[in-house]
2 protein chains.
Amino acid sequence: MKNGAATVFVVDDDASVRKALARLIQSVGLQTKTFASAQELLDQAPPEGPGCIVLDVRMPGLNGLELQAELTGRNIQTPIVFITGHGDIQMSVRAMKSGAVDFLIKPFNDKELLGAIKTAIEKDEYFKAAQTEHSEIQRRHQTLTPREREVLGLVVKGRMNKEIAAELGAAEKTVKVHRARVMQKMQVQSVAELVRAAERVASLGS
Amino acid sequence: MKNGAATVFVVDDDASVRKALARLIQSVGLQTKTFASAQELLDQAPPEGPGCIVLDVRMPGLNGLELQAELTGRNIQTPIVFITGHGDIQMSVRAMKSGAVDFLIKPFNDKELLGAIKTAIEKDEYFKAAQTEHSEIQRRHQTLTPREREVLGLVVKGRMNKEIAAELGAAEKTVKVHRARVMQKMQVQSVAELVRAAERVASLGS
DNA sequence: TCGAATATGGGACCTTAGTCTTATGCGGAA
DNA sequence: TTCCGCATAAGACTAAGGTCCCATATTCGA
C-alpha cells in the first residue's frame, strides 16, 4: 500500500506527547496533523485522503470514546487507534466494540503503534475505495425514475420481460423500453453487471 | 430470535462459578453445557445448533485466548463471550480483535452477561444460516465439470455465448450446452440468480 | 400555457438464448 | 474391452431480448 499520501490525525492534550508521536509517525513517511482536543479535530473538515486517527482516551472536554461516538454519528468512519496511560478494560472493550483498530497502553513500543497505524490506514484505503465505487453506483441509481426502479428490481430477480409486464400491468414493449433505459443509466452492458450493481445498491439502503 | 433452542457452553475451572453461571443462563430458558477446562470443550464434538461460548480467560492448561485461537484454527466460529476476574487491557484487546463478542470483568451484573449472550447467539444464528446456504451453493458448484466452470465464469462476467465460444475456442453451440448444464446443476432459472450464486462461491474461495 | 420529464405502447427487425434430437471422439474405470 | 463421463457440435426451431422509429397521455414547473 502506498501509505505515503496518508495522514495521521493525532489527538492528545499533552503537547510533548503530540510532538513525540508526530515525530515518530513522520519518521516512516506519513503526514501528521495534531490536535490538542477532540473538539479541535471535530472543527476540522473531514479528511479527504486516506488516513487514521491516533487518539488518547483520557482528555479534558470530550474524551476519546465520546469523540469516537461523535465521529460515528457524523458518519465519519476513519479508523481509530487508541492510546492511553490509564485505561481500564471496560474502556478498551467499548472502544473495540465500536470498531477501533487497536487500543494500546503506554508505554508501548514504536513498532506496535506503527503497526496499528499501518493496519488502520490500509483499512481506510480499502473502505474509501469501496465507498467511492458504491456511491457512484448509488448516484446512477438515483437517476432512475420510480418505474425504472420497479423494473430493475424485477429484472435482477430474474423475471422475464413478459412476467414483469404482467406484474406491473404494462405491455411487454413498455418493459423493454424501461429496461433499456435502466441499462443505459446504470451504465452496464449485461444483466450480470446489472445484478452486481443492484446488489451494491441494496446493500446499503436505498 | 427463538433463542430457546440455543446452547451456551460455559468454560470455567471454578465449579461454583460454573454452577452459578449455568443457573443464571438456564433461568432465561437457554440450554447449558459446562466444562472445567478448554481441553474438555475441545474434546467435545462441535455443536450442532446455534449457541455461544462463555469463557473464563484465566484457566489452568489452555487459557481462554488460546482456546479461542484453537477454535479459530479448527474453523469453529461459535461466538465467544469472555469473562474474567483478573484480566488486563492487552488481553481484552486481543480477545476483541480476534472476534470476541464481549469481554466482561467480574463482578458483572446478570443483565450484562445475558445481553452479551443474546447478542452472541443471534450472531451465531445469523452466521449459521448464511453458512448453510453457502455450503449448499458450494456443493452444487462442485458438481460442475472444469469446462462448465469456465463457462460459468464468463457467463457471470456478462459475456455473450459467441464471445465465450471465441475465448474458449469452441463452437457457440457447445457453449450453449455447457451453459444449460450449469443452470441445471446450480439449480437456477435465470442469469440473475446464477450471478448471485456465483458471487457467493467466489466470496469464500473456490 | 408550453416544454420537459415520465410512462405508455405499436410495428418492424435483428440478435441472443434456450430446447430437443442426434452424434462423434476421448480417456479412465470396471 | 466395454461402458460412462466429459467435451464437442450440427440441425431445426421457439422464445426471449434488444433496437430502430414513431406516437400519445399526464403531470409539473417555469
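Residue numbering restarts at 1 for every chain, and letters A, B, ... go by the order of the sequence lines. Please read these numbers as outputs of a predicted model, since none were measured by experiment. The figures here come from the full heavy-atom set of this structure, side chains too, leaving out hydrogens, waters and symmetry mates.
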Does A:Arg94 CZ have over 12 foreign heavy atoms under 6.0 Å away? no

Taking the side chain as everything from C-beta on, heavy atoms only, tell me whether A:Leu41 gets closer than 4.5 Å to A:Leu67. yes

Chain A reaches DNA chain D, atoms under 4.0 Å from its heavy atoms, from D:dA16 to D:dC20

Reckon A:Thr174 touches a base, only the sugar-phosphate, or nothing at all at heavy-atom distances under 4.0 Å? base

Got a sec, which residues hit salt bridge (charged side-chain N to carboxylate O under 4.0 Å, His left out) with A:Glu70, two or more places apart in sequence or on another chain? A:Arg74

Is the shortest side-chain heavy-atom distance between A:Leu144 and A:His141 below 4.5 Å? yes

Checking B:Arg159 side chain against B:Val151 main chain: does a donor-acceptor pair fall under 3.5 Å? no

Upstream residue (5' side of DNA chain C) when A:Lys185 and A:Ala171 are each assigned their closest nucleotide: A:Lys185

With heavy-atom distances below 4.5 Å as the criterion, would you say the side chains of A:Leu30 and A:Thr7 are in contact? no

Output a table of nitrogen or oxygen pairs between the protein and nucleotides 11-19 of chain C separated by less than 3.5 Å.
residue	atom	partner	partner atom	Å
C:dG11	O6	A:Lys173	NZ	3.0
C:dT16	OP2	B:Lys162	NZ	3.0
C:dA17	OP2	B:Asn161	N	2.9
C:dA17	N7	B:Lys176	NZ	3.3
C:dG18	OP2	B:Arg179	NE	3.0
C:dG18	N7	B:Lys176	NZ	2.8
C:dG18	O6	B:Lys176	NZ	2.9

Interatomic distance, B:Ser98 atom OG to B:Leu65 atom CG [nearest 0.5 angstrom]: 7.0 Å

The helix from C:dT1-D:dA30 to C:dA30-D:dT1: angle between end helix axes, five pairs per end, rounded to 10 degrees: 40°

Counting only heavy atoms not in B:Lys185 (residues, nucleotides, ligands), do more than 12 fall under 6.0 Å from its NZ? yes

Using a 6.0 Å cut-off, check whether atom CZ of B:Phe108 has over 12 heavy atoms from anything other than its own residue. yes

Mark up nucleotides 23-30 of chain C, 5' to 3', with B wherever a protein heavy atom is under 4.0 angstrom from a base atom, S wherever such an atom reaches only the sugar-phosphate, and - elsewhere. --------

Return yes when atom CZ of B:Arg140 has more than 12 non-hydrogen atoms of other residues, nucleotides or ligands closer than 6.0 Å, and no otherwise. yes

Using whole Å, report how far CG of A:Leu168 lies from P of C:dA7. 11 Å

Kindly state each residue pair satisfying salt bridge (Lys or Arg N to Asp or Glu O under 4.0 Å) with at least one member in residues 25-41 of chain B, sequence neighbours excluded. none

Does atom NZ (B:Lys128) have a neighbourhood of more than 12 heavy atoms from anything else shown, all under 6.0 Å? yes

Just by distance, do the side chain of A:Glu66 and the backbone of A:Asn63 share a donor-acceptor pair under 3.5 Å? yes

